[in-house]
Amino acid sequence: VAKDLGLQLPALRDRGVRVLSEGRTQYFSLHGKTGHLVTAERIDREQLCRLVQQCVLRCEVIVEGEM
């Protein structure tokens, strides 16, 4: 995410960059040392998407301030 946004790692913390998932459970987070998008916990596709054929998890990356 840091690379895609064109930010250095310290800027991620300074700009308050965070990842938000839909719903109550936050499935994704940013790795503090690499800036990579990672799963925050194990995702059980069978439990999460048992009633749908295509399983999609959406998230948003929030950056404070102007880009």
Inset, instruction - List the atom of G35, the atom of L9, and the distance in Å for their closest heavy-atom pair. - result: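 Shortest heavy-atom contact: N-CD2, 3.5 Å.
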Legend entry - Greater than 12 external heavy atoms within 6.0 Å of Q26's CD: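 Yes, enclosed.
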Legend entry - side chain to side chain contact (heavy atoms under 4.5 Å, CB included) between V17 and I62, worked out: CA-CA 5 Å; V17 176; I62 308 297; over 6 Å; no
Give, for atom [atom1] of [X] and atom [atom2] of [Y], the distance between the pair rounded to the nearest 0.5 Å.
X   : Y   : atom1 : atom2 : value
L5  : L12 : CG    : CG    : 7.0 Å
S29 : H36 : OG    : NE2   : 12.5 Å
R58 : E22 : CZ    : CD    : 6.5 Å

Answer whether the closest heavy-atom distance between the side chains of [X] and [Y] falls below 4.5 Å.
X   : Y   : answer
Y27 : V19 : no
L57 : I43 : yes
R45 : L48 : no

Legend entry - Co-membership, hydrophobic cluster, residues L20 and V38, 4.5 Å side-chain: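 No; V38 is not reachable from L20 via cluster members.
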Legend entry - Residue that, paired with E64, satisfies salt bridge (charged side-chain N to carboxylate O under 4.0 Å, His left out) out of R15, R18, R13: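 That would be R18; it is the only one of R15, R18, R13 passing the salt bridge (charged side-chain N to carboxylate O under 4.0 Å, His left out) with E64.
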